[in-house]
Amino acid sequence: MNDTNAVNKALFDYVLWLGDTSLIIGHRLSEWCGHGPILEEDIALTNISLDLIGQARLYLSYAGELEGKGRSEDDLAYLRDVMAYKNSILTEQLNGDFANTMMRQFLFTAFSYHLQTALLSSTNEHLRAIAEKAVKETTYHLRHCSDWLIRLGDGTEESHKRVQDAIDNLWMFTDDMFEGVEGDKLLIAEKIAPDMAGVRKQWDATLKQILDDATIKIPERTFMMKSGRKGIHTEHLGFLLAEMQFMQRAYPGAKW
Amino acid sequence: MATREQILDYLQEVFDPEVPVLSVVDLGIIRKIEVDAEGSHITITPTYTGCPAMNVIEDDIRAKLKEKGISQFDIKTILSPAWTTDWISDEGKRKLKEYGIAPPEKSSPDKSILGNHAKLIKCPRCGSADTEMKSFFGSTACKSLYVCNTCKEPFDYFKCI
Ligand SMILES: [Zn+2]
């Protein structure tokens, strides 16, 4: 096989993973619209959702270009089935209560922040440009969920318990974010993608810093589900897609 | 054929749909205007990745140029270098303040991402520095919600990015 082709194929898979992950967590957050605990927070959650869907659009349209089969960002978002989705399984988990949403968001955002920072020095110009744009937004998202976790974790007995329960429940989906596939090795060799070990180290440090302040205990190692990149998902993703894709499935090509 | 300066003049008449006192030029999203034998080439950059106003802005630029009788042009969007609020012109900042939105303070996001580091923002109505942030995220992606403790009025702050 020709090397450029192999790299291109690996890159398509990688960018699709980035796009799907942003899209699914963005969609999950959008479910809070009109249901936030207070008006300001309702607005914050949907603002963050909008940024993430914006980032997803950048990644998915680039993925479409890389694939070269004429699929647009919309085709990729609305016309793929569950098994074709590569998103991290953490991002598809249900919103649950506010503490659960904030913990899921924090675990993801700390990851995204360090990954995007690493991608600022990617040899791929396109990924670098997206990261440069996205990391500014992600910086604000990270501060927002960190503030909440500290306030809730170091808050009342009830709020502390909810935050601790949230991390205990979500922890088994976290390793999946760092789980690469075979093709990533090509991208790492070309310095297109960073080595995940470095990102993991920084993620661990951010978690420790914030969760110590929040008086929250990081769970001991448990069973880890790691299959998002391979398209094996928890039962929640199918329901999410059924709702998100409904319009394009029912009325193909519908526009407004 | 229109000159670069003419195009720039026309773009002064295209306004941000969410902050209708700011032209796209004031906002600093026009990165480049080139004119050659094939027509005009305009390069713009998005403010926020998910900002729904960006598509509207591009359509509005097209409509404006057509209205001015320009048919040969294209609009390209680039991401890098990433837009920052420092690119809003001084004129733009003045217009924002007049409109009741506190203009962004100098320079880009706080590097200190962790912990609470609200900046000191002056009330655009009474000028008081005794203000507090109510919500970092506001009515649009680019704004935060503040309240003035002196005149008691809430106001938007165009946040730094
Ligand atoms: Zn005031």
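Sequence lines set the chain letters: A, B, ... in the order given, protein chains first and strands last, and positions in each chain run from 1. Keep in mind that the numbers below use all heavy atoms, side chains included, and drop hydrogens, waters and symmetry copies.
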For residues [X] and [Y], report the shortest heavy-atom separation together with the two atoms involved.
X	Y	answer
Ala141(B)	Asn47(A)	CA-OD1, 3.2 Å
Glu132(A)	Pro81(B)	OE2-CA, 3.3 Å
Arg143(A)	Phe136(B)	NH1-CE1, 4.3 Å
Lys133(A)	Ala82(B)	CA-CB, 4.0 Å
Glu40(A)	Lys134(B)	CG-O, 4.1 Å

If you measure from [atom1] on [X] to [atom2] on [Y], what distance do you get to the nearest 0.5 Å?
X	Y	atom1	atom2	result
Ser135(B)	Leu39(A)	OG	CG	8.5 Å
Leu127(A)	Leu79(B)	CG	CG	11.0 Å
Lys136(A)	Thr47(B)	NZ	OG1	11.0 Å

Okay, Ser144(B) and chain A: the region with an atom under 4.5 Å from a heavy atom over there is neither
Bottom line for Thr45(B): the part with an atom under 4.5 Å from chain A's heavy atoms is neither
Counting only heavy atoms not in [X] (residues, nucleotides, ligands), do more than 12 fall under 6.0 Å from its [atom1]?
X	atom1	value
Lys217(A)	NZ	no
Glu125(A)	CD	no
Arg151(A)	CZ	no
Lys97(B)	NZ	no
Lys122(B)	NZ	no
Phe178(A)	CZ	yes

For a ring-ring contact (aromatic ring centres under 6.0 Å, His included) check, start with the C-alpha distance between His144(A) and Phe137(B), then their side-chain angles and the critical distance, and finish with the verdict. CA-CA 9 Å; His144(A) 187 75; Phe137(B) 295 91; 5.0 Å; yes
So, the part of Leu58(A) with a heavy atom under 4.5 Å from chain B: the answer is side chain
Bottom line for Ile130(A): the part with an atom under 4.5 Å from chain B's heavy atoms is both
Checklist entry - Within the distance-only criterion (no hydrogens, no angle test), does the side chain of Asp51(A) pair as donor or acceptor with the backbone N or O of Tyr48(B) below 3.5 angstrom? => result no
Would you say the side-chain atoms of Thr49(B) and Gln55(A) include a donor-acceptor pair closer than 3.5 Å? no
